[in-house]
Number of protein chains: 2
Amino acid sequence: MRLSQMLWVTLREDPAEAELTSHKLLLRAGYIRRVGSGLYVYLPLMWRVLQKISAIVREEMNDTGAQECLLTQLQPAELWQESGRWDTYTKAEGIMFALTDRANREVGLGPTHEEIITAIARDTIRSYRQLPQHLYQIQTKFRDEIRPRFGLMRGREFIMKDGYSFHENEESLKETYYEMDRAYRKMFDRCGLKFRAVEADSGAIGGSGSQEFMVLAEAGEDDILFTEDSSYAANVEKAVSLPPEAVPSHFDKFEKVHTPKKGTIETVCKLLKCDPTQVVKQVLYQVIYDNGTTVLVLVSIRGDRDVNEVKLQNELTKLASNYGGKAVINLQVADPESQQKWAHSKLPVGFISPSLDDSYIDKSSTVSPKFLRLADRTVEHLQNFVTGADEADYHVVGANWGKDFTLPTVVNLDKAKAGDRAVHDPSQILQTARGIEVGHIFQLGTKYSQAMKATFTNEQGEELPLVMGCYGLGVSRLAQAAVEQSYDKDGIIWNKAIAPYHVIVTVPNVGDAKQMDVGERLYTALDAAGVEVLLDDRDERAGVKFKDADLVGIPYRVVTGKAIADGKVEIVNRATKVATLVEIESVVEYLQNELK
Amino acid sequence: MRLSQMLWVTLREDPAEAELTSHKLLLRAGYIRRVGSGLYVYLPLMWRVLQKISAIVREEMNDTGAQECLLTQLQPAELWQESGRWDTYTKAEGIMFALTDRANREVGLGPTHEEIITAIARDTIRSYRQLPQHLYQIQTKFRDEIRPRFGLMRGREFIMKDGYSFHENEESLKETYYEMDRAYRKMFDRCGLKFRAVEADSGAIGGSGSQEFMVLAEAGEDDILFTEDSSYAANVEKAVSLPPEAVPSHFDKFEKVHTPKKGTIETVCKLLKCDPTQVVKQVLYQVIYDNGTTVLVLVSIRGDRDVNEVKLQNELTKLASNYGGKAVINLQVADPESQQKWAHSKLPVGFISPSLDDSYIDKSSTVSPKFLRLADRTVEHLQNFVTGADEADYHVVGANWGKDFTLPTVVNLDKAKAGDRAVHDPSQILQTARGIEVGHIFQLGTKYSQAMKATFTNEQGEELPLVMGCYGLGVSRLAQAAVEQSYDKDGIIWNKAIAPYHVIVTVPNVGDAKQMDVGERLYTALDAAGVEVLLDDRDERAGVKFKDADLVGIPYRVVTGKAIADGKVEIVNRATKVATLVEIESVVEYLQNELK
C-alpha cells in the first residue's frame with residue numbers, strides 16, 4: 001500500500017482522552033479513532049493487526065478440532081431468564097445493554113454467549129455419541145461499562161474469541177480445558193507476548209475452575225502473585241497464601257485501655273507498643289442482595305491483613321439463600337453516608353469489637369438490615385489480642401476468644417500479598433507483578449445446562465445435563481496489550497507476527513527521481529515476494545517520515561537515501577534501532593531472512 | 001472434518017417457520033438455527049460459506065485499492081441528529097434499534113454507517129491531496145424489521161459489506177462508482193450467480209444515482225423490468241417506460257351516466273363499452289409527514305395504470321416543506337378506517353372525480369388534514385374521457401380537462417410494467433423477472449458531508465464538502481440467494497466457489513473395514529492436496545448418508561462402496577447427478593481437475 005493513498009493521519013500531540021501509553025500511541029499513530037464513549041473505530045492499519053491476531057487464534061483453535069461459527073449479537077431476554085442471569089446482567093450489574101424491540105420484546109446485546117450456545121446445544125445434541133463438541137466464534141461484544149477507559153482495554157465494544165465446549169463428563173471437559181490451556185499459550189507465544197497463566201476467580205460466569213492469561217505490563221489493571229519457580233501463579237483476587245506467623249502478644253490481662261484518636265492499626269500499635277499481627281480489626285460491610293435485602297457484615301481480620309472483597313462476595317453468595325436472595329448485587333464498606341440510613345447513632349468506627357452488638361441498628365428503618373459476623377482464619381488462633389472496645393477512643397488488650405469474645409464463623413477472606421509464603425511450599429515466597437487479562441478459560445460444569453435443560457443421553461441410556469467449558473480471549477484487548485508491552489519513546493514496536501505490515505520503504509525525498517525509482521522498485525519486488533510492504537511516497541519532509549515510521553512501529557524500515565549512490569539502502573530494525581547498509585539487489589532476500 | 005465429530009444435525013421435516021425453499025433447506029441441512037424472531041445462528045457449515053463469500057468480496061475490494069476497516073456497531077445519537085436521520089430511523093420508520101445507556105445517552109445499533117464514516121472523514125481528511133479514499137468493512141448490521149421473515153433474507157441481524165468513498169468532485173466519484181459496478185459484477189460472477197444490475201430508487205440513503213444488483217430467482221421479492229438486449233434494466237420501483245397509447249374515446253358529449261355498482265375499472269368499462277385507457281381513475285392516499293401533518297392526496301391516473309408508491313413518496317418528499325415537514329413517515333391508500341377519522345360522510349369511493357372537493361373533509365377533526373391533487377402524466381392528454389361523478393353509482397363520460405375538470409399538477413407516478421415500451425428505444429418491449437437484491441451502490445453526493453460539515457480544501461484553496469459514494473452488499477443474504485437460485489428436490493446445489501466443502505467422502509458402511517480404510521485414505525490424501533473434504537464416518541445407514549449428502553449440497557460425493565473390490569470409487573456430481581467410477585489412485589487428480 002502506498003501511504004499517499006491510505007487514509008492515515010498521525011497526531012503530533014498526545015490526545016487528552018488517553019491515560020495509558022498504549023492508548024495514546026494507537027491514537028497518535030492513526031490506528032484507532034474514538035466516536036463515542038468507549039467506542040473506537042478500527043482504521044485500516046488496526047484492522048490488519050486484528051486480522052493477524054484473529055488468524056493466529058483461528059489456526060490454533062481449528063488445530064484442536066474446535067469449529068468456528070457465529071452466534072447472534074442480539075439475545076432474547078427469555079434465554080437469559082432461563083439461566084437466571086437477565087436481572088443480574090441488565091439491572092443489578094447492568095453491564096448488558098438491553099432494549100425493547102418494536103414488538104415490545106426485551107433483547108440484550110451479547111457481552112457473552114453461554115445462553116445462546118446452550119440453547120443451540122439443547123436443540124442439536126441428543127446423545128453421548130455426538131460428544132465432545134467445541135464451537136467458537138470471533139465477534140464484537142458489548143458491555144455498558146460504568147467507566148469506559150484505556151482505549152481498547154475497557155471499551156463498550158470489543159472483539160473477542162469465545163468458545164464453548166460440551167462433554168459427557170468432567171474428565172472429558174478437563175481434557176479440552178487443558179488442551180485450551182496449551183492452545184492459548186501457543187497463541188500468545190506466536191503473538192510474541194510475555195504472559196503468565198494464573199488461577200482466577202470465576203466471577204459472574206460461574207463454574208468450578210478457571211484460569212486467566214495475563215500479558216505482563218506495568219500499567220496492567222490486575223495484580224498477579226507468583227512463586228519464583230512458577231509452580232504457583234494466581235490473580236490476587238483468587239490467590240491463597242500462608243500469612244506470616246503472628247508475633248506472640250505481651251499482654252496477659254484483659255483490660256480496657258484509653259486510646260484517644262488512635263483509630264488506625266498503625267497509631268494504636270504505636271501507642272500500645274504491639275505488632276499489627278496481635279490486633280483483631282473489624283471491617284463493616286454493607287451488602288445488598290438481588291431481592292433487595294441489606295445485610296451488614298462485620299468481618300474480623302488480623303491487623304496486618306486486608307479483606308479480599310472477591311472472596312467475601314463469593315462467601316456471601318453461598319449464604320444468599322439465608323436471606324432469600326440469589327446474588328449479591330452490591331458490596332461496599334459501610335461508609336458514613338450509608339450508615340445514616342440504618343444506624344441509630346454514630347458507630348465507633350476504628351474502635352469496633354468482634355462482638356459489636358446490633359443495638360446500633362435501627363431495625364425500624366426502611367432499610368431494616370440483617371446483621372452477620374464473619375472471622376478471617378488469620379484471627380482464629382490469636383491469643384491475648386488487642387481489639388476495639390465498642391466505644392470511641394477505647395480498645396481492649398489481652399482478649400481471648402471464648403472468654404472475652406465469641407469467635408464468629410471462620411472463613412478465608414484475607415488478601416494474599418507479596419512476601420506471603422506459598423501454600424503448596426512454604427519455603428517459596430510470593431512475588432508480585434501487574435498484568436492485563438487477555439484470556440480466561442473456565443470449567444463451567446452444568447450450571448447453564450441444568451438451568452436451561454440441555455441434556456444428553458449417556459451410553460447407559462440416562463438423561464444427564466451436558467458438562468460445559470468456556471474459553472474467552474480478548475482479540476482487540478490483546479492488540480493493545482501487545483503495544484503496552486512493547487514501545488519506546490518514539491512509538492510502537494510491533495512483533496512481526498502481528499505488525500500491520502512487515503516493512504516500510506521510506507523515500508526521503510520524493511522529488512529525487514533516483515530515490516523514488518529505487519523506492520518503487522523495492523516496493524514492487526517486496527510485494528511480489530509476499531512481504532507486506534508500505535511505500536512512504538508522501539510529499540513530506542524526511543524527518544516527518546522517519547518520525548511517523550517510528551511511531552507506527554513497522555518492524556523494518558528501508559530508506560532509499562544517500563547510500564543509493566553506492567547501490568545500497570539503509571535497513572533499520574525498529575526494535576533495536578540498528579541500521580544496516582544492504583545492497584539494493586539483496587534487500588528482498590535480506591528481509592525474507594529477517595522475517596522468517 | 002469428520003462428520004462424526006462435527007456439530008451437524010439435519011431435519012427430516014420442513015420446519016414450520018419457513019416459507020421460502022432456500023430458508024427451509026438451510027434449516028433442514030443444518031446450516032442455520034433460529035434463536036429468536038429474525039435472529040439466526042450461523043452453524044459451522046454456514047460460517048464456512050459466509051467466509052468464502054467474504055474472501056471473494058475482500059479480494060475484489062482490495063483489488064480496487066479500497067481499504068478494509070471496522071466501524072462501531074453502536075452509534076451515538078448525536079451523529080444521526082447531525083445528519084437529520086435519527087428521528088426517521090428510530091421513530092418514523094423505526095428500523096433502527098435504539099437504546100439508552102447507563103449514562104442516559106441515546107445510542108443506535110447500526111443498520112448503515114454513513115454517519116460514522118463521515119465523522120471519521122471529517123476528522124482525518126483535510127486536503128484534496130488525500131483524495132480519493134475508499135473504506136469498507138464486513139460486519140453484522142441490525143434492523144428492527146416490522147416483519148422479519150425468509151430466514152437470512154430479511155433478518156434482524158445480517159452480515160453486510162459496506163464501503164464509503166470520498167472524492168473531490170463528481171467525476172472522481174463516478175470513476176469509483178463505475179469501478180464498483182465492475183467489481184460487484186466480478187464478485188457475483190465468481191460466486192456463480194445469475195444476476196442483473198438494475199437502476200434503482202435511492203430511498204432513505206439519498207443521493208443522485210444508484211444501482212441494485214439482483215440475483216434472479218422466482219421467489220425474489222423485487223420485480224425487475226428489462227429489455228431483451230439488456231440496454232435497460234430497472235427495479236420496478238424506479239423503472240420508467242412508455243405506456244401503450246390510449247385508445248381514442250368514442251364519447252363526444254360530456255354527460256353524467258348511471259353506473260350502478262360499477263365502481264371498478266373493469267366493470268365500468270364493460271358497461272360503457274370503453275377501454276381502460278379512456279378512463280381517469282382516482283386513488284386517494286392518506287400521507288403523514290414527520291411533523292404530524294396529514295395530507296390527503298388525490299391521484300388521477302389512467303384506468304389501465306397503477307400508482308408507483310415509491311415515486312409518489314419521492315414526489316411528496318419534495319413537497320414536504322409546503323407542509324412544514326421534512327419526510328413522509330406514512331403513506332397508504334385512505335381505507336374506510338382512516339376515512340372515519342377525517343371524513344364528514346362516506347366518500348363515493350369508485351366514483352370519485354379529479355375535482356372531488358374537500359367538503360367531505362372535516363377540517364375541525366383532530367387530524368385536520370390538508371388536501372392535494374396530483375395527476376399522472378398518463379391522463380394529461382386524454383380527451384373525452386370517462387371518470388367518476390363524485391356521487392355513488394354515477395360516472396361522467398366525454399369529459400375534458402380545462403372544460404369539465406381542472407388538470408392537477410402533472411407528475412410521473414405510474415408503475416412501469418411488462419409490455420410497456422422502453423423510453424430510450426420504443427421498439428423494445430419491457431420484460432419482467434423477479435430478483436433478490438444483494439447489492440446496492442449509490443452516488444451519494446454531498447448529502448452527508450454538507451449536513452455534518454465534512455469538508456476538504458481543494459487545489460485552489462477553497463473549502464468544499466466531500467463528495468461521497470456508498471456501496472453495500474448483503475453477504476448473508478447473498479448466501480441464501482445462491483441457494484434460492486440453485487437447488488433441486490433433494491437439496492442444495494452449491495457452486496464450488498462458495499460451497500462449505502468441495503468433497504464429501506461417504507463410507508456406506510463404517511463396519512466394513514475395507515470401505516473405512518479407503519475412506520480414511522482418500523480423506524487424508526484429499527486434505528493433504530488442499531481439497532476441502534468431509535468424511536462421513538457416522539454410524540448411519542447408507543441411505544441416510546446419501547440423503548444427507550444431497551441435502552447439504554457438497555459439489556462432489558465420493559462413495560467407497562462395492563466398486564472398491566475393483567479398485568474404484570464412485571464420484572457423484574451433485575449438480576448433474578452423474579456418477580463416474582474412478583480408480584482409487586486417481587481420485588485426487590480427478591477432483592483437482594474438476595475443481596479447477
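The sequence lines fix the lettering, A, B, ..., with proteins before strands; numbering per chain opens at 1.
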For [X], is it the side chain, the backbone, both, or neither that has a heavy atom closer than 4.5 Å to a heavy atom of chain B?
X        : value
A:Asp123 : both
A:Ile120 : side chain
A:Ala98  : backbone
A:Gln73  : both
A:Gln5   : backbone

Rounded distance (nearest 0.5 Å) linking atom [atom1] of [X] with atom [atom2] of [Y]:
X        : Y        : atom1 : atom2 : answer
A:Arg102 : B:Arg147 : CZ    : CZ    : 13.5 Å
A:Thr124 : B:Leu11  : OG1   : CG    : 10.5 Å
B:Thr72  : A:Arg33  : OG1   : CZ    : 14.0 Å

Name the option with the most non-hydrogen atom pairs under 4.5 Å to chain B; the candidates are [options].
options                                : answer
A:His134, A:Arg156, A:Gln130, A:Arg538 : A:Arg156
A:Val35, A:Leu71, A:Leu7               : A:Leu7
A:Asp101, A:Asp539, A:Leu79            : A:Asp101

> Between A:Arg126 and B:Val9, is any pair of side-chain heavy atoms under 4.5 Å apart?
Replying inline: no

> Is any side-chain heavy atom of A:Asp144 less than 4.5 Å from a side-chain heavy atom of B:Leu99?
Replying inline: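 A:Asp144 does not reach B:Leu99 side chain to side chain.
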
> Where on B:Gln133 is there a heavy atom nearer than 4.5 Å to chain A: the side chain, the backbone, both, or neither?
Replying inline: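 B:Gln133 touches chain A through side-chain heavy atoms alone.
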
>> For B:Gln51, which atoms come within 4.5 Å of any heavy atom of chain A: side chain, backbone, both, or neither?
In response: side chain

> Checking side-chain contact (heavy atoms from CB on, under 4.5 Å) for the pair B:Leu74/A:Leu109: CA distance, chi angles, key distance, verdict?
Replying inline: CA-CA 10 Å; B:Leu74 290 173; A:Leu109 268 178; 3.9 Å; yes

>> Take a 6.0 Å sphere around CZ of B:Arg105 and say whether it holds more than 12 heavy atoms from other residues, nucleotides or ligands.
In response: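 Atom CZ in B:Arg105 is crowded, with more than 12 foreign heavy atoms closer than 6.0 Å.
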
> Just checking heavy atoms, which of residues 38-48 of chain B are less than 4.5 Å from chain A?
Replying inline: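 B:Leu39, B:Tyr40, B:Val41, B:Tyr42, B:Leu43, B:Pro44, B:Trp47 fall under the 4.5 Å cut-off.
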
> Using a cut-off of under 4.5 Å for heavy-atom pairs, which of B:Ser4, B:Ser37, B:Gly30 has the most such pairs with chain A?
Replying inline: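 Heavy-atom pairs under 4.5 Å are most numerous for B:Ser37.
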
